[in-house]
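Below is one structure, written out as structure tokens; the observations come after it.
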Amino acid sequence: MKKALLVGNGFSSQYISAYRNDNIVQKFKDTSPLIYSRIDACFEPFRKGIDRYTFYVSPLRSGTIMCGRGTGLRAESLNFSSLLVNHIKKVISEIGFSDSVFNEYFIGYGLIHQTQKDHVEDIESLIKIAFLFKDKDLFTTEDILTIKDIANNIMYNNGKIGIDGIDNPNVTDIVKDNLSSWINNFEYIYSTNYDDLIDDYYNKQVFHIHGGFHYDVRDAKLYKNISKRRLDLQDAFLTWGISGEDKMSLIAGFSFSKIVFSKFTFAPSIFQEYLDSLSSDGFEELHIYGYSGENDGHINERIARNNNIKRIVYYYYPESIEMDILKYKVENQYLKEGIHKEIIYKSHKEVEKIIFG
């Protein structure tokens, strides 16, 4: 049975501490404390007056919330407590947003999860909130570009984006050998990460769906000339979006401000080809590790409609989510009517035991 692996930032952050969300956000605060504090202050009213312990209602109860765009879920969604929903809608009204903001931003783009945090805890949420309040003239297009530029610098990690960036003291030579052995059991590897860590251990090409430091933003052949060396930060193509649809529009072709029009051709980008591969290639088992899919409906939808995939092995953190909530979320992301897939749930500790011993 051919196997594929899909990884997200939860993979790389185990080895390179700079990619942990807390460190990413702290670096952002250090770089631009004013932008961060403005974004966090804008979102603060949505946190107040919420019972953090009644976030979810059992998925089996009635009254589901229709899911917005960008999540890759079907119409049925997780049930959020009426206290939480009513509070968010009240604040939306008081600020003067349209009613559609709730379904679009809080459900579709996942900002409802940020209401459970004391402060904004990831880059994509900073971008989403800035986009939301841009409609109230509290942020500009230049502000959002600044956020993305800072994010690119953080992910570049002073050029230490692969084996050279590993700073986990528990990663010995034996651990590295175990990691290489585990990774190379897979016929295909897809990644939403920009770093090269998994590339440095994999004997084949890794499919970086959202770009990375080997994809030239100046490439007039839609990024198909993958560099054999790491590109400088200003030359690399990295995607930051507020939804699956937004990311899809960014990876489908060019950044029009940087292309050479005399060489322009209309063709699918290499990232589009990666997505097409995810929806049609002949692997039968897909392992998902360190990837939540909450902002990547364009990826989830392709997994769901790939008839060849018979089994999904989903690695999760048992301490961070209740099992019934997890199953409901994962099955809505990856199961499609008429296409049977078996889903096996495993703790992330099973992989850690293989690699770290």
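Bear in mind the structure is a predicted one, so any value in this text is a computation, not a measurement.
Other residues, nucleotides and ligands contribute more than 12 heavy atoms inside 6.0 Å of the CG atom of Asn185. Atom CG of Leu145 has more than 12 heavy atoms from other residues, nucleotides or ligands within 6.0 Å. Annotation: Lys3, atom NZ; neighbour count of heavy atoms from other residues, nucleotides and ligands within 6.0 Å is above 12.
Residues Tyr334 and Ile309 form no side-chain contact, since every pair of their non-hydrogen atoms from C-beta on lies 4.5 Å or further apart. Using a 4.5 Å heavy-atom threshold, the side chains of Ile299 and Leu6 count as touching.
Aromatic ring centroids of His348 and Tyr315 lie 6.0 Å or more apart. Checked against the 6.0 Å centroid threshold, Phe106 and Phe46 count as a close aromatic pair. Annotation: Tyr190 is not in aromatic contact with Tyr291 [ring centroid separation under 6.0 Å not met]. Within the 6.0 Å centre-distance limit, the rings of Phe97 and Phe133 are counted as a close aromatic pair.
In terms of modelled atom types and a separation under 3.5 Å, the side chain of Asn193 and the main chain of Gly8 share a donor-acceptor contact. Remark: the backbone N or O of Leu231 is not paired with any side-chain donor or acceptor of Asp235 at under 3.5 angstrom. Although no hydrogens or angles enter the test, the distance criterion places a donor-acceptor pair under 3.5 Å between the side chain of Asn9 and the main chain of Tyr19. Looking at Asp167, its side chain does come within 3.5 Å of a backbone N or O of Ser17 through a donor-acceptor pair. Judged purely by atom type and a 3.5 angstrom limit, Lys136 uses its side chain to pair as donor or acceptor with the backbone of Gly96. Between the Asn306 side chain and the Leu278 main chain, a donor and an acceptor come within less than 3.5 Å of each other. A donor-acceptor pair under 3.5 Å links the side-chain atoms of Ser269 to the main chain of Ile251, judged by distance alone. Put simply, the side chain of Lys336 never gets that close to the backbone of Gln333: no donor and acceptor are under 3.5 Å apart. No donor-acceptor distance shorter than 3.5 angstrom exists from the side chain of Asp40 to the backbone of Tyr36, with no hydrogens or angles considered. In this structure, the side chain of Asp200 does not engage the main chain of Gly162 through any donor-acceptor pair within 3.5 Å.
Considering CZ of Arg302 and CG of Asp281, their distance stands at 13.0 Å, rounded to 0.5 Å. Here Thr115 contributes atom OG1 and Ile88 contributes atom CD1; the two are 4.5 Å apart, rounded to the nearest 0.5 Å. Taken to the nearest 0.5 Å, the CD atom of Glu294 stands 4.5 Å off from the NE2 atom of His113. Summarising the geometry, atom NZ belonging to Lys2 is positioned 15.0 Å from atom CG belonging to Leu286; distances are rounded to the nearest 0.5 Å.
No hydrogens or angles considered: a donor-acceptor pair under 3.5 Å links the side chains of Glu285 and His287. For the 3.5 Å distance criterion, the side chains of Asp199 and His214 fail to qualify, holding no donor opposite an acceptor.
With sequence neighbours excluded, no residue forms a side-chain hydrogen bond (donor to acceptor under 3.5 Å, both in side chains) with Tyr201.
Across all their heavy atoms, Ala304 and Ile339 have their closest contact at O-CD1, 3.7 Å.
Here Asp22 does not pair with Lys117 in a salt bridge; the nearest charged N to carboxylate O distance is not below 4.0 Å. Salt-bridge annotation for Arg38 and Asp143: present, with a side-chain N of the basic residue lying under 4.0 Å from a carboxylate O of the acidic one. Remark: Lys310 does not engage Glu284 in a salt bridge, criterion side-chain N to carboxylate O under 4.0 Å. Ion pairing of Asp164 with Arg230 is present here, as a side-chain N (NZ or NE/NH1/NH2) and a carboxylate O approach within less than 4.0 Å. Look at Glu350 and Lys353 and you find no salt bridge, because none of the NZ, NE, NH1 or NH2 atoms lies under 4.0 Å from a carboxylate O.
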Margin query: side chain to side chain contact (heavy atoms under 4.5 Å, CB included), that's the test. Do Asn152 and Trp240 meet it? Break it down for me.
Written below: CA-CA 9 Å; Asn152 288 344; Trp240 296 97; 2.7 Å; yes
Next item on the list: Apply the test side chain to side chain contact (heavy atoms under 4.5 Å, CB included) to residues Lys128 and Gln114: give CA-CA distance (whole Å), side-chain angles for both, the deciding distance (0.1 Å), then the verdict.
Entry: CA-CA 11 Å; Lys128 293 171 191 176; Gln114 285 299 315; over 6 Å; no
Margin query: Apply side chain to side chain donor-acceptor pair (under 3.5 Å) to residues Asp122 and Ser125 and explain how you reach the verdict.
Written below: CA-CA 6 Å; Asp122 63 86; Ser125 292; 3.0 Å; yes
Notebook entry, point to check: Checking side chain to side chain contact (heavy atoms under 4.5 Å, CB included) for the pair Thr146/Ile150: CA distance, chi angles, key distance, verdict?
Noted result: CA-CA 6 Å; Thr146 296; Ile150 294 171; 3.9 Å; yes
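Using cut-offs of 30° and 60° on the angle between ring planes, the pair Tyr215 and Tyr274 is perpendicular.
Connection of Leu335 to Tyr345 is established within a shared hydrophobic cluster, with ILVMFWY side chains joined at heavy-atom distances below 4.5 Å, either directly or through further cluster members.
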